[in-house]
Amino acid sequence: MGEGKGSTLVHLLVVVLSLVAFGFAIAAERRRSVGVVVKDDISNATYCVYNSDVATGYGVGAFLFLLSGESLLMGVTKCMCFGRPLAPGSERAWSIIYFVSSWLTFLVAEACLIAGATRNAYHTKYRGMIYAQNFSCETLRKGVFIAAAVFVVATMVLNVYYYMYFTKATTTTPAHKANRTNPTVGMTGYA
């Protein structure tokens, strides 16, 4: 990591893992489970028949890829709490802002992904007799995985900026330490 640029490999891995998570979130939205009401002629009961449950797997995959990207970045930067202290200045301020913002968007994205995957996996079976009114099969609302995808992209952008400012803040030397030339206190009088 020279000149505050950061590792290109870390940038690339964070972006690729986030883009894969984004792709899985979009695929999960497109393949959400849809239920159809079916009447059983023998018992006169109705039940729901659902199509493929692939969206749950896509949602979990997006969850894991986003978690991997965040874990990689926090491992490299030591979660900004451990390791070298950050030099005071605007780089440190921006890295703290991007750190907190990326964690907030990460938590929202992960919550949307896991909630969407869990809700998509939930299927109602038998609902009652055919004379039931307002009969519908419970499914995941549209847009849950799309919201997760939006927050995945926001997390990716904030993570890239966080890493960029973090490396700038760790490679610059603090101004108050750079100006010292003599380690002595200097208790002599002025002439």
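The analysis underlying the following values was restricted to heavy atoms, covering all of them including side chains, and did not include hydrogens, waters or symmetry mates. All values reported here derive from a predicted model rather than from experimental measurement.
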Item checked: Check against side chain to side chain contact (heavy atoms under 4.5 Å, CB included), Tyr161 and Trp94 -> CA-CA 9 Å; Tyr161 278 112; Trp94 281 113; over 6 Å; no
Margin query: Taking Ser7's backbone N and O only, do any of them form a donor-acceptor pair with Tyr163's side chain (distance below 3.5 Å, no angle check)?
Written below: yes
Margin query: Could you measure the distance from the OG1 atom of Thr167 to the OH atom of Tyr165? Nearest 0.5 Å is fine.
Written below: 10.5 Å
Margin query: Give me the atom names and distance for the closest heavy-atom approach of Tyr58 to Ala28.
Written below: CB-CB, 3.6 Å
Checklist line | Shared hydrophobic cluster, Val16 / Ile26 (ILVMFWY, side-chain heavy atoms < 4.5 Å) | finding: no
Exercise answer: donor-acceptor pairs, residues 64-81 side-chain atoms, under 3.5 Å, sequence neighbours excluded:
residue, atom, partner, partner atom, Å
Ser68, OG, Leu64, O, 2.8
Glu70, OE1, Asn159, ND2, 2.8
Ser71, OG, Leu67, O, 2.8
Thr77, OG1, Leu73, O, 2.9
Thr77, OG1, Tyr162, OH, 3.0

Notebook entry, point to check: In a check of side-chain contact (heavy atoms from CB on, under 4.5 Å) between Phe151 and each of Ile146, Thr105, Leu107, which one passes?
Noted result: Thr105
Margin query: Tell me the closest heavy-atom pair linking Ala25 and Leu113, and the distance in Å.
Written below: CB-CD2, 4.0 Å
Next item on the list: Using atom types as modelled and distance alone, determine if a side-chain donor or acceptor of Ser18 lies under 3.5 Å from a backbone N or O of Val15.
Entry: no
Check: So if you build clusters from Ile, Leu, Val, Met, Phe, Trp, Tyr with side-chain heavy-atom gaps below 4.5 Å, do Leu104 and Phe99 land together?
Finding: yes
Margin query: Looking at every heavy atom in both Val152 and Ala21, which two are closest together, and how far apart are they?
Written below: CG1-CB, 4.1 Å
Margin query: Under a 3.5 Å distance rule, please check whether Glu91 uses its side chain to pair with a backbone N or O of Phe166 as donor and acceptor.
Written below: no
Checklist line | Residue pair Val144 / Cys112: nearest heavy atoms and the distance that separates them | finding: CG1-O, 3.6 Å
Checklist line | Atom pair CG/CG of Leu17 and Leu12 - distance to nearest 0.5 Å | finding: 9.0 Å
Next item on the list: Is it possible for you to say whether Leu13 and Leu19 belong to one hydrophobic cluster, with membership spreading through side-chain heavy-atom contacts below 4.5 Å?
Entry: yes
Notebook entry, point to check: Which atom pair, heavy atoms only, marks the closest approach of Lys142 to Arg32?
Noted result: CG-NH2, 2.9 Å
Check: Between CZ of Phe106 and OG1 of Thr155, what distance do you get to the nearest 0.5 Å?
Finding: 7.5 Å
Checklist line | Same apolar cluster (I L V M F W Y, side chains within < 4.5 Å links), Trp103/Val157 | finding: yes
Check: Are Val160 and Val153 connected, step by step, through hydrophobic side chains (Ile, Leu, Val, Met, Phe, Trp, Tyr) whose heavy atoms are closer than 4.5 Å?
Finding: yes
Checklist line | Sidechain-backbone polar pair: Thr118 side chain, Ala115 backbone, donor-acceptor under 3.5 Å | finding: no
Notebook entry, point to check: So which heavy atom on Leu86 is nearest to which on Ser95, and how close?
Noted result: CD1-OG, 3.5 Å
